[in-house]
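The chains referred to below are lettered A, B, ... by the order of the sequence lines, with proteins before strands, and numbering in each begins at 1.
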Amino acid sequence: MSFDASYNEKELNAVGTRPVRPDGVDKVTGRARYGADYNMPGQLVARVLRSPHAHARILRIDTSQAEALKGVKAVVTAADLPDLTDGDASLFAILDNCMARTKALYDGHAVAAVAAIDVHVARKALKLIEVDYEVLPHVVDVDLAMAPDAPVLDETIITKGVTPAPDAPSNVFAHSEFGHGDVAAGFAKADEIVERTFKTEQTHQGYIEPHACVASCNSDGSAEMWVCTQGPFVYRQVCADLLGLEVSKLKVTSSEIGGGFGGKTHVWAEPVALALSRKAGRPVKLVMSRNEVFRASGPTSATSIDVKIGATKDGTITAAEATLRYTSGPYPDTWAETGAMTAFACYDLENVKTVGIEVLVNRPKVAAYRAPSAPMAAFAVESAIDSLAHKIGIDAVDFRIKNAAREGTRSSYGPVYGPIGIGPTLEAAKAHAHMSAPLGKNQGRGMACGFWFNFGGQTCTDLNISADGTVTLSVGTVDVGGSRASLSMIAAEELGIAYEDVKAGVADTASLGYNDMTDGSRGTFSSSMATISAARNAIAVMKQRAALMWDIPVEDIEWKDGQAHAVGASHDNLAPLSVKDIAAKAGNTGGPIAGHSELVADGAGVSFGTHICDVEVDPETGATRVIRYTVIQDAGKAVHPAYVEGQYQGGAAQGIGWALNEEYIYGEDGRLQNAGFLDYRIPVCSDLPMIDTQILEIPNPNHPYGVRGVGETSIVPPLAAVANAVSDAVGVRMTHVPISPPRILAALKAQR
Amino acid sequence: MVQVTLWAGLRPLAEDQEHVTIEAATIRELLSKLQLRYPALEQPFRNDVAVAINGTIYRDDWSQGIPEDAEVFLMRRIPGG
Amino acid sequence: MRYERPETLEDAVGLLSATPERSHILAGGTDLLVRMKNDDFDADLVVDIKRIAGMGEIARTDAGFVIGAAVPCAKLAEDAALVAAWPGVVEAANLIGSTQIQSRCTMTGNLCNAGPAADSVPALVAVDARVKIVGPEGNRIIPARDVPVGPGQTSLAPGEIVAAIVLPEPAPQTGSAYLRFIPRTEMDIAVVGTAVVLTRDADGTVASARVALGAVGPRVIVPDDAAQMLVGTTLDDDTLARFEAACSDAATPIDDKRGTVAFRKEVAGVLARRAAKIAYDRAGETQ
Amino acid sequence: MTTIAVSTTINGDDVEYLCHADESLLDVLRNRLGLMGSKEGCGTGDCGACSTMLDGRIVCSCLVLGAEAEGREIETIEGMAHGHDLHPLQTKFLEHAALQCGICTPGFLMAAKALLDVNPDPTEEEIRFWLAGNLCRCTGYDKIVRAVQDAAAEMRGDAA
């Protein structure tokens, strides 16, 4: 494992082109199989009974009538998922979230589940389960949850990170603080200060495919599961831990995944499906309805953020401070901490302080969503930066360029930056034609920057060379948006063969070593590194085989353009051997030819993007349309530029939805009122313009081809870019996301 | 010798130290020596820690060498989406 | 649950009369099938009326345009005469849902579902549409406005079916328009809907006007006082401003997940004013 | 629950099946006929992933009863290509990278084909409004719209 991952500039042939993806034909003909597209012999249908209450003690569950119903093969409650978490609080939270144990903590929290021969019986059985609830007072709003008289969700929680420690329990799990310098001294030096409070509402990843799995537990202790997930190996580990299965006896196969965006990095109903199968002795298929997806999976934090930034008249920021309150759902987590780390990461600040406050509320357990926690912090900070630029009368782009973090800057979250790319994205924005295009009546322009930590992680690939010289590549990172194409290109590049001769596929957990999930923008970054390593190992093998075929020392063989060349005067009559030539003789030169790689792909490097947005606002109704949008982001090296553009465009669209329309709406009763795509309003095709992209390629020093993760950063700037554009158009600073028409109209009225 | 900065959440587990000076050539050595000195760090070191060396964040590669005079930060591992 | 597909209205009425509770009429199904997905839904009978003669047809008779109960809204836009006569009705019906929903949803369903935010209902009320009802006690014709009596509630007796909607022939120089507010550009339920029908005199002044407001009350609101303000004018700015204020005042909305009281009242006036302008201009284009 | 016998035409073939009265056409296609190319993203007609043609009109098959298909003509994504010959829309979706996860793709292809059947030369705005009932969460729609434009041009015989 002595793979050298450092960047090595060279001419690339396959990388940078735009071939058709290997899984493409299956996906345009309807043949690709997603989570719900798989069946097992004798499979049962599962349905989950969910709490209608936001907060309630479960006094009694009687499943006897449901169990007695003909066709019902198993009913499970928390009693069928005993606590094996051994003091691991985060694992316990997953368990309790899968199936409420003593209290239902949000509307939609699972309390029981049935497996039956068909959906009609399962539906009937749900109605026969009796649950006695003691309804408790609930709280869903982040600020109200912090109030002294708020109902406390978990009496064992004493706020961490505060000295002295409070003596009473509350919904505040922890404070965490970052920064350096002396902010009070910094503000004293400022000529102008902007201080504001911002709010963002809870959003959902909104993947079009609901969670789905087929689980099968056998009497011999083995089990298998087909599931849509961003990480089959992680699902395997968590499910094995929660059910007490041996990890290697649980085989998890990831289906084609119909979107995840972080939401399918977490386990939801999969342990329940396994528990039902274990109890029923038959395979169980569990597919969530869209209503269940909204009520019981995935959302982000809702937030409330105070920001204060000061600057001198010449445009130098002297101090910056933020307090970030994030909901984590009903269990402790670290979402505010992440937000606090990212908030000012774009800037070079002498004095900076951020405090993250984790707040428990009666809402679903918060899940990662594309650069989790960063968009809300960026909304608050980039809005305040924009206000401050206006206040001191300096152009918003110039102001950011003047204060942008650069190599050597101490980041607001601690370490000093190496070479980073925010400056180039800002310079590109300043030079972009979009920035100087004329605006019409009721139109406004905004821009914003965004930061995200990318990462790499544990990765493993197998590259097998077939007898005809074609190559199969098995990877362990789930393909969420074209990575099989990118990785096939990488293998072709490294081996010197045609893209069409490589077929990449995603392996199940029984066929390949452990891989971290496809998250943290790591899929292409880390699996390409492992693919390069595996290809180089395969080339080493092929050189040995060529040496045997030619009967010359392996030292005399050089690999070039997909062929083994004999070098040296004594071999000049030997025609080069292609992969095909070598593969054809593999049986007699030592057997199958393969290259494997197991590595840790660290050094992903942080990522920055700058977005420009134009909107038109109808001042009489508050209706807002995005009329032009540009994304500028560094990709290091775009392996398949079309899919890099796709990541930029998709993240921007999600951010635009978050900015304008998407939000969880709760009633007074704590029940979610918009658990469907009708009223949880993600952008539709007619809502958006074409989304222009500009890919910058500043090589990542820690990847052989310079590749950088590109998946997440594009969702970070849009909230602020849209908010700044709307504020420019209507002349009022919008501080509450989503910037819905009623909020715009109310702000305009307040100003008049 | 390297000077290590601990994130705020770790400090109560390390006698409220923000900076700790320690002799270590790799991340592995650094973490094991820190844990020896402050046993309460064992829990967060299990799953929660990442190490930034001169600005580059390492989550898993504990064999990574630490250059002389490097700036070293212990950070919480970040979730991804 | 039983599924029946009668071929005559008499048979349909018979089936529904025999199962007065927990029975549903199926035409486009775009509301009924959504409700059927709910775990709490229970029904004994669904009567599919699409195979009954005439249900899927638009006929022009002496009474006007007779639109069968099962005519999908997409088909309305394909009828050039109907579009020319009542563009406000067709544009309202065509705003319901997506292209896919348009292929199935019907105005009769929109009316009988009795949702306060139904797009086509204000438009039907503004043109004073009638509905033909068949039932166990005989047939009757009533104003479309009188079908919904409250959210989810209709005046239909058990066993009764709305067989058709009848739109009168417009008087010369009549224009109609429907505007709604939704947060996105498509796919939302109306936060406010406004329909205006007006007829011009030869001199260009408004001879008669009718206005209907949707989604701002439990039923469609018909602010006759506001409509009367337009009569005798050429929609000058002062008139429109008074008209807008009157429409806002007439609205009695609620706060819900789709909008606030203040927003709905204000936007009801704005859209009514804009719809009146469009209807006026359209009236000038017709002969 | 008793079942209903249905005779219908799917992708040009005569098909017979039994279904429950409350069973959607989408469930029939997926669970009884093995035509799983139509996807269920919502079950309430809001996402378009189950788009199929019913007697020449594009519908959400989740909002059609299986029993209603008696005597009708249905086209699904499985009937879009002719053997190995992909429809121009399918080819252009691949060339333009108009899909990332691909779960919405069958619905988009069916809806786009329905558009080009009635309007061979749609504007960008017409494409966007026609496809507003098909949700995509990955692409931001940009490449989908471009693929439809390009396919339309090719089908019209315009030089690309």
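The residue among A:A642, A:G657, A:G260, A:A485 with the most heavy atom pairs within less than 4.5 Å of chain D is A:A642. Between chain D and the options A:L678, A:V293, A:N39, A:V25, heavy-atom pairs under 4.5 Å are most frequent for A:L678. Note: D:G102 leads D:A49, D:C136, D:G102, D:C104 in heavy-atom pairs under 4.5 Å with chain A. Interface summary for chain D: among A:P683, A:S289, A:G651, A:S483, the most heavy-atom pairs under 4.5 angstrom belong to A:P683. The greatest number of non-hydrogen atom pairs below 4.5 Å with chain A, out of D:C101, D:A98, D:G79, D:A132, is found for D:C101. Per-residue counts of heavy-atom pairs under 4.5 Å with chain D were compared for A:G482, A:G259, A:A32, A:G206; the largest is that of A:G206.
Between A:G30 and D:P106, the closest heavy-atom pair is CA-CG, 4.5 Å. D:I77 and A:V28 get closest at one heavy-atom pair: CD1-O, 3.5 Å. Of all non-hydrogen atoms in A:F261 and D:C138, the two that sit nearest each other are CZ-SG, 3.6 Å. Residue A:P210 comes nearest to D:G41 through the heavy atom pair CG-O, 3.8 Å, listed as atom of the first residue, atom of the second, then distance. Nearest heavy atom pair, residue A:K27 against residue D:Q100, reads NZ-O, 4.2 Å. Taking all atoms of both residues into account, the shortest heavy-atom contact from A:A653 to D:G140 is CB-CA, 3.5 Å.
Side-chain atoms of A:R21 come within 3.5 Å of backbone atoms of D:L99 as a donor-acceptor pair (strictly under, hydrogens ignored). Without hydrogens or angle criteria, A:Q649 side chain to D:D142 main chain gives no donor-acceptor distance under 3.5 Å. Here the side chain of A:R290 pairs no donor or acceptor atom with the backbone of D:G43 at under 3.5 angstrom. Counting only distance, with no hydrogens or angles, the side chain of D:R137 and the backbone of A:Y207 share no donor-acceptor pair below 3.5 Å.
Contacts between A:P19 and chain D at a heavy-atom distance below 4.5 Å are absent for every atom of the residue. Neither the backbone nor the side chain of A:A652 comes within less than 4.5 Å of any heavy atom in chain D. Only the backbone of A:Q205 comes within contact range of chain D, judged by heavy atoms closer than 4.5 Å. For A:V119, no part sits under 4.5 Å from any heavy atom of chain D, backbone or side chain. There is no contact between A:E256 and chain D, counting heavy-atom distances below 4.5 Å. Proximity to chain D involves both the backbone and the side chain of A:T29, based on heavy atoms less than 4.5 angstrom apart. For D:T139, the part lying under 4.5 angstrom from a heavy atom of chain A is the backbone only. Residue contact with chain D, scored on non-hydrogen atoms closer than 4.5 Å, involves the backbone of A:I257 exclusively. Using a 4.5 Å cut-off between heavy atoms, A:Y629 does not touch chain D at all.
Crowding of D:E126 atom CD: a count of heavy atoms from other residues, nucleotides or ligands under 6.0 Å exceeding 12. When the shell of 6.0 Å around CD of D:E124 is examined, it contains more than 12 heavy atoms from other residues, nucleotides or ligands.
To the nearest 0.5 Å, atoms CE (D:M36) and OH (A:Y38) are separated by 10.5 Å.
Ionic pairing of D:K143 and A:E645 is present here: one or more N-O contacts between side-chain nitrogen and carboxylate oxygen are shorter than 4.0 angstrom.
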With salt bridge (charged side-chain N to carboxylate O under 4.0 Å, His left out) as the criterion, how do A:D37 and D:R30 come out once you've worked through the C-alpha distance, each side chain's angles and the decisive distance to 0.1 Å? CA-CA 8 Å; A:D37 301 341; D:R30 290 180 53 83; 2.7 Å; yes
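Remark: of the listed residues A:I691, A:L688, A:D687, A:L688 is the sole one forming a side-chain contact (heavy atoms from CB on, under 4.5 Å) with D:Y141.
When side chains are defined from C-beta on, A:F677 counts as touching D:L135, because their heavy atoms get closer than 4.5 Å. At least one side-chain heavy atom of D:R146 sits under 4.5 Å from a side-chain heavy atom of A:M690. Between A:C685 and D:F129 the shortest side-chain heavy-atom distance does not fall below 4.5 Å.
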